[in-house]
Amino acid sequence: MTVCVAVRANDSMVFAADSASTLEARRPNGESIVVNVYRHGDKIFNLYKGLPIVAMTCGMGHIGDRAISSLAKDLRQRLVGGGKGWQVNPRHYTIEEVAQKAQKFLFDERYQQVAPPPAQPHLFEFWIGGYSSGSELHDVRKLTISNGACTLEQLGPEGNCGIRWGGQPEAITRLVKGFSPGLKEALIANGMSDPDATKIDGFAKTQFEVNLAQPSMPIQDAIDLAEFLVETTKGFFRFKLGADTVGGDTDVAVVTRHEGFKWIRRKHYYSPHLNPLETDHVGHSKGR
């Protein structure tokens with residue numbers, strides 16, 4: 001599993017994610033168990049170099065035998081030079097168009113061709129965000145594949161500000177919303193009727209939420225908030241009983257209308273000084 005966070009302010013959008021990648025196996029009774037956790041997965045991508053388009057993933061780390069990080073790069077090749085039906089016009093495109101092409105590639109072409117299908121339950125999310133050409137407002141779309149069903153949704157209207165998160169939601173939901181995401185189910189499990197549990201759940205959502213993201217917050221503060229939420233989740237799962245399924249380095253990218261896509265923090269599996277022709281190396285924000 002993982003944690004992925006999107007912080008949207010008036011002038012920027014920040015995507016941040018951890019690097020844990022969980023290897024699971026199935027018992028004969030169908031129960032899923034964690035057999036290993038790798039700590040160097042890539043979950044944030046620039047889908048078109050030179051354009052303000054960012055993607056982020058959580059859930060399944062593979063489709064078939066291909067890692068999502070590899071498939072994201074295949075998708076980027078399609079968007080840049082894939083010919084008719086795939087290539088994005090860098091002067092005339094929309095985030096919705098990019099998201100639809102991602103759905104066509106990841107679900108129609110890749111997921112539906114996996115045989116046998118992935119064992120259930122399973123969940124895959126692929127977030128696409130950025131600025132459509134000529135637009136002053138950022139946009140975020142989320143592709144979700146859940147047990148074979150695929151949906152593509154817009155996460156709020158264009159220019160919408162606030163925080164969105166995915167993967168392992170427990171820590172951030174407790175911090176921001178003020179209660180566990182399993183509150184309603186716990187109330188029902190302990191004998192409360194569904195209407196009453198729904199009423200209490202709705203009441204809690206309106207009373208205890210803390211607004212951490214402000215539309216006018218500077219870009220660096222949006223970056224710091226995204227990092228804080230990822231690091232908080234990593235610490236939560238480090239000390240929580242069970243497998244440490246959120247961890248590794250935190251990767252962070254920011255998209256703005258004028259500066260486009262910029263890496264803020266990014267791990268590399270190779271040393272920069274041994275690869276001098278690489279130009280996208282970055283240091284950690286605030287000197288870290």
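As a basis for the values below, the full set of heavy atoms in this structure was taken, side chains included, without hydrogen atoms, waters or symmetry mates. Not measured: the values here are computed from a predicted model.
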Q.
Using a strict threshold of under 4.0 Å (side-chain N to carboxylate O), is an ion pair present between D18 and K43?
A. yes
**Q.** From T2 atom OG1 to M56 atom CE, the distance as rounded to the nearest 0.5 Å
**A.** 9.0 Å
(Q) Using the side chain to side chain donor-acceptor pair (under 3.5 Å) criterion, which residues pair with T173? Sequence neighbours excluded. (A) W165
Q.
side chain to side chain contact (heavy atoms under 4.5 Å, CB included) for E125 and L123? Distances and angles first, verdict last.
A. CA-CA 7 Å; E125 294 181 3; L123 176 70; 4.1 Å; yes
Q) Is E227 salt-bridged to R265, cutoff N-O under 4.0 Å? A) yes
(Q) Do L75 and I68 land in one hydrophobic cluster if side-chain heavy atoms of ILVMFWY residues count as linked below 4.5 Å? (A) yes
Q.
Please report the interatomic distance CD(Q113) to CD1(I63), rounded to the nearest 0.5 Å.
A. 11.5 Å
Q: Could you check if a side-chain atom of T232 sits within less than 4.5 angstrom of a side-chain atom of I172, using non-hydrogen atoms only?
A: no
Q) SG of C58 to NZ of K142: how many Å apart, nearest 0.5 Å? A) 7.0 Å
Q. With distance as the sole test, does T256 use its side chain to make a donor-acceptor pair with the main-chain N or O of E259 at under 3.5 Å?
A. yes
Got a list of side-chain donor-acceptor pairs under 3.5 Å for residues 150-164, not counting sequence neighbours?
from: Q154; atom 1: NE2; to: D139; atom 2: OD1; distance (Å): 3.0

Q.
Working note: V3 + L229, criterion side chain to side chain contact (heavy atoms under 4.5 Å, CB included); need CA distance, chi angles, decisive distance, verdict.
A. CA-CA 9 Å; V3 61; L229 294 173; over 6 Å; no
**Q.** Inter- and intrachain pairs under ring-ring contact (aromatic ring centres under 6.0 Å, His included), touching residues 116-147, at least two apart
**A.** Y111-H122, Y131-H138
Q: List the atom of K104, the atom of G85, and the distance in Å for their closest heavy-atom pair.
A: NZ-O, 4.3 Å
Q) Between the side chains of S271 and H273, does any donor sit under 3.5 Å from an acceptor? A) yes
Q: With rounding to the nearest 0.5 Å, note down the distance linking OG1 in T245 to NZ in K234.
A: 13.0 Å
Q.
Regarding R66 and D74, does a basic nitrogen lie under 4.0 Å from an acidic carboxylate oxygen?
A. yes
Q.
According to a hydrophobic-cluster definition based on side-chain heavy atoms being under 4.5 Å apart (Ile, Leu, Val, Met, Phe, Trp, Tyr only), do L106 and I53 belong together?
A. yes
Q: Go through the structure and list residues passing side chain to side chain donor-acceptor pair (under 3.5 Å) with R27, not counting sequence neighbours.
A: E31
(Q) Show the nearest heavy-atom pair for residues G50 and N46, with the distance to one decimal. (A) N-OD1, 4.1 Å
(Q) Tell me whether L143 shares a hydrophobic cluster with V88, the cluster being built from Ile, Leu, Val, Met, Phe, Trp, Tyr side chains joined at under 4.5 Å. (A) yes
Q.
Is there a continuous path of hydrophobic side-chain contacts, each under 4.5 Å between heavy atoms, that joins V210 to V7?
A. yes
Q | Any pair counted as ring-ring contact (aromatic ring centres under 6.0 Å, His included), so long as it reaches residues 35-58, sequence neighbours left out | A | none
Q.
Contact between S133 and R91 at the side-chain level, heavy atoms closer than 4.5 Å - yes or no?
A. no
Q.
Are I145 and I128 connected into the same hydrophobic cluster when the rule is that any two of I, L, V, M, F, W, Y join if their side-chain heavy atoms are below 4.5 Å apart?
A. yes
Q: Return the minimal non-hydrogen interatomic distance between W263 and D251, and the atom names on each side.
A: CZ3-CB, 4.4 Å
(Q) Could you measure the distance from the CZ atom of R78 to the CG atom of L71? Nearest 0.5 Å is fine. (A) 10.0 Å
Q. What's the shortest heavy-atom distance between P121 and N147, and which atoms?
A. CA-OD1, 3.1 Å
(Q) Within the supplied structure, the quantity of interest is the number of heavy atoms (other residues, nucleotides, ligands) at a distance under 6.0 Å from E136 CD; does it exceed 12? (A) no
Q) When you look at CG of D11, are more than 12 heavy atoms from neighbouring residues, nucleotides or ligands closer to it than 6.0 Å? A) no
Q.
Between Q103 and R141, does the side chain to side chain contact (heavy atoms under 4.5 Å, CB included) criterion hold? Intermediate values first, please.
A. CA-CA 11 Å; Q103 180 181 29; R141 311 279 169 146; over 6 Å; no
**Q.** V246 vs F236 side-chain heavy atoms within contact, under 4.5 Å
**A.** no
Q: Answer whether the closest heavy-atom distance between the side chains of F105 and R110 falls below 4.5 Å.
A: yes
Q. Quick one: CG on L47 to CZ on F261, what's the gap to the nearest 0.5 Å?
A. 9.0 Å
(Q) I'd like to know if the side chain of T233 pairs up with that of Q168 as donor and acceptor (distance under 3.5 Å, no hydrogens or angles considered). (A) no
(Q) For R39 and S19: C-alpha separation, side-chain torsions, deciding distance, then whether side chain to side chain contact (heavy atoms under 4.5 Å, CB included) applies. (A) CA-CA 5 Å; R39 308 185 70 80; S19 298; 5.7 Å; no
Q. Looking at side-chain heavy atoms only, is the closest gap between M192 and I200 below 4.5 Å?
A. yes
Q) Does D201 have any side chain to side chain contact (heavy atoms under 4.5 Å, CB included) partners at least two apart in sequence or in another chain, and if so, which? A) F179, L183, K184, K205
Q.
Checking the side chain of T22 only, and the main-chain atoms of V37 only, is there a donor and an acceptor separated by less than 3.5 Å?
A. no
Q. What are the two closest heavy atoms between G130 and V255, and how far apart are they?
A. CA-CG1, 4.2 Å
Q.
Does K267, at its NZ atom, have more than 12 non-hydrogen atoms belonging to other residues, nucleotides or ligands within less than 6.0 Å?
A. yes
(Q) Side chains of L225 and D221, heavy atoms from C-beta outward: is any pair under 4.5 Å? (A) no
